[in-house]
Amino acid sequence: MTAAPASGPAMPTTGTAAPVPGTAAPTTGTTTATPVHTGPAAPVVLAVIPARGGSKGVPAKNLAPVAGVPLVGRAVHACLGARSVTHVVVSTDDPAIAAAARSAGAEAVHRPAAIAGDTATSEAAVLHAMDAFEATHGRAADVVLLVQCTSPFLTPAEVAETADRILSGAADTAFTAAPSHGFLWREAAEGAEGVNHDKAHRPRRQDREPEYLETGAVYAMAAPGFRTHRHRFFGRTALVVTDPARVLEIDDPHDLARAKALAPLLDAPVTPGLADVDAVVLDFDGTQTDDRVHLDAEGREFVSAHRGDGLGIAALRRAGLPVLILSTEQNAVVAARARKLRIPVLHGIDRKDRALKEWCEAEGIDPQRVLYAGNDVNDLPCFHLVGWPVAVSSAHDSVRAAARAVTATPGGSGAIREIAAWLLGPELDTPVRATAARTTPARTTTAT
């Protein structure tokens with residue numbers, strides 16, 4: 001499990017100074033929490049991610065991709081990256097969500113219909129997951145986390161710090177919250193009235209104590225207390241302050257659109273390595289070219305290709321990675337380029353996603369271990385199929401938003417060489433993979 005560094009030290013549990021994002025804020029309650037684990041074995045910290053299949057506001061919401069990763073996968077990755085989390089379980093009634101959870105590295109627990117409806121509580125899902133975990137692993141959790149898929153910009157550090165409030169004995173329950181200095185109002189019979197302020201007095205922001213907005217992203221509870229109280233808040237409660245710029249809860253299609261637009265700004269740059277990818281599939285126009293076409297007087301087409309891309313593709317082949325060109329255009333130029341590169345090509349394809357799926361099945365390759373590079377909207381169905389959708393920097397905005405990684409180089413200017421360097425290193429000299437025994441001769445396939 002990858003350790004995520006803490007983003008700051010714990011703050012005192014008393015005092016008036018406002019904590020900075022990423023640190024513990026003053027706790028609430030009058031009792032002193034008891035450390036949840038005192039035995040010799042390491043404490044079990046169980047992260048439970050409830051993810052129903054029946055979402056009305058956004059159909060199939062928990063599978064919606066943000067930066068090329070389903071929301072449930074993003075939540076799983078945040079939990080797996082948290083240093084104190086020992087197990088991650090997704091509670092779901094949907095087989096597709098269960099498959100996505102397992103693909104991301106979590107266990108999946110089938111949630112019964114009785115606690116999977118619109119009126120079911122998250123607490124019920126967590127309690128059921130705790131029972132299933134104990135039955136499977138033969139040990140109860142010491143700390144249980146409730147982690148929501150609908151907070152796409154949750155970080156491993158926030159997950160770890162929320163769990164740490166319980167592990168250290170500082171609190172019985174904890175949650176993530178964002179500082180707020182907003183003036184809240186409500187309608188009343190006599191007109192609007194202030195909720196958290198006197199409307200006759202308007203202090204400056206710096207003169208007001210901050211208040212905190214529950215983000216809904218992570219809740220941590222001492223597991224024995226949670227079983228007793230059956231609620232996420234009991235005993236002494238601590239909050240972990242998060243960056244308000246990262247707070248977004250997806251409830252409707254507009255929230256999802258905002259998440260996709262913000263992902264390139266908020267997500268840390270992530271690129272795959274050789275261990276993450278079993279095949280590379282490349283669009284042609286706009287990805288291996290600059291998307292322009294030159295015509296002569298007879299109507300013959302000419303495009304420009306980058307020699308660095310050819311160098312990168314040759315290195316990928318030497319490393320034993322299958323490489324395929326997949327193009328909508330049926331064009332002799334595409335076929336000629338594939339022959340020169342000595343790689344197979346499928347062109348004249350109307351349904352690129354179907355062709356890609358069939359190719360993966362024929363080659364025995366898991367689509368989740370395929371890197372697909374593209375630049376325009378006709379590549380999006382393939383983006384939704386593969387594990388590593390990659391957009392070149394000159395791609396359409398909607399394609400960049402759906403990508404898991406984006407090159408710094410535009411299409412036709414060496415973007416494929418850049419992708420090869422991600423996988424093989426800047427010198428393109430990574431040794432041949434032990435599993436890469438096959439070599440694929442160049443061939444051309446045209447849809448009929």
* Asked: Is it true that a side-chain atom of R52 and a backbone atom of A116 form a donor plus acceptor pair closer than 3.5 Å?
  -> yes
* **Which atom of H396 lies closest to which atom of V377, heavy atoms considered** => ND1-CG1, 4.5 Å
* **Contact list for residues 298-314, test salt bridge (Lys or Arg N to Asp or Glu O under 4.0 Å), sequence neighbours left out** => D296-R300, E298-R300
* **CA sep, side-chain torsions, deciding dist, call: V390, T271, side-chain contact (heavy atoms from CB on, under 4.5 Å)** => CA-CA 9 Å; V390 174; T271 57; over 6 Å; no
* Asked: Which value, rounded to the nearest 0.5 Å, describes the distance between I343 atom CD1 and L321 atom CG?
  -> 12.0 Å
* Could you tell me whether D397 and K260 make a salt bridge, using a distance below 4.0 angstrom between a side-chain N and a carboxylate O? => no
* What pairs of residues pass the ring-ring contact (aromatic ring centres under 6.0 Å, His included) test when at least one of them lies in residues 97-154, not counting sequence neighbours? -> H87-F133, H87-H137, F133-H137
* Side-chain H-bond candidate by donor/acceptor type, E158 with T176, under 3.5 Å -> no
* Structure fact -> The side-chain hydrogen bond (donor to acceptor under 3.5 Å, both in side chains) partner of T328 among D285, D376, D350, N378 is N378
* To do: List the atom of I97, the atom of G53, and the distance in Å for their closest heavy-atom pair.
  => CD1-CA, 3.8 Å
* **Test side-chain contact (heavy atoms from CB on, under 4.5 Å) applied to I49 and C79, step by step** => CA-CA 9 Å; I49 304 171; C79 293; 4.1 Å; yes
* Would you please say whether a donor-acceptor pair under 3.5 Å links the side chains of E123 and Y219? => no
* Asked: With sequence neighbours left out, what residues match D283 under salt bridge (Lys or Arg N to Asp or Glu O under 4.0 Å)?
  -> K352
* **Nearest heavy-atom neighbours spanning T237 and T173** => OG1-OG1, 2.7 Å
* Asked: Minimum heavy-atom separation for F383 to G374, with atom names?
  -> CE1-N, 4.0 Å
* Describe, in one word, how the ring planes of F234 and H229 are oriented to each other, choosing from parallel (under 30°), tilted (30 to 60°) and perpendicular (over 60°). => parallel
* Asked: Is it true that D255 and K61 have a side-chain N and a carboxylate O under 4.0 angstrom from each other?
  -> no
* Asked: Is the side chain of T86 donor-acceptor paired with the backbone N or O of V45 at a distance under 3.5 Å, no angle test?
  -> yes
* Sole candidate of V44, L80, L145 that passes side-chain contact (heavy atoms from CB on, under 4.5 Å) when paired with V85 -> L145
* How far apart are the closest heavy atoms of P272 and L423, and which atoms are they? -> O-CD2, 3.8 Å
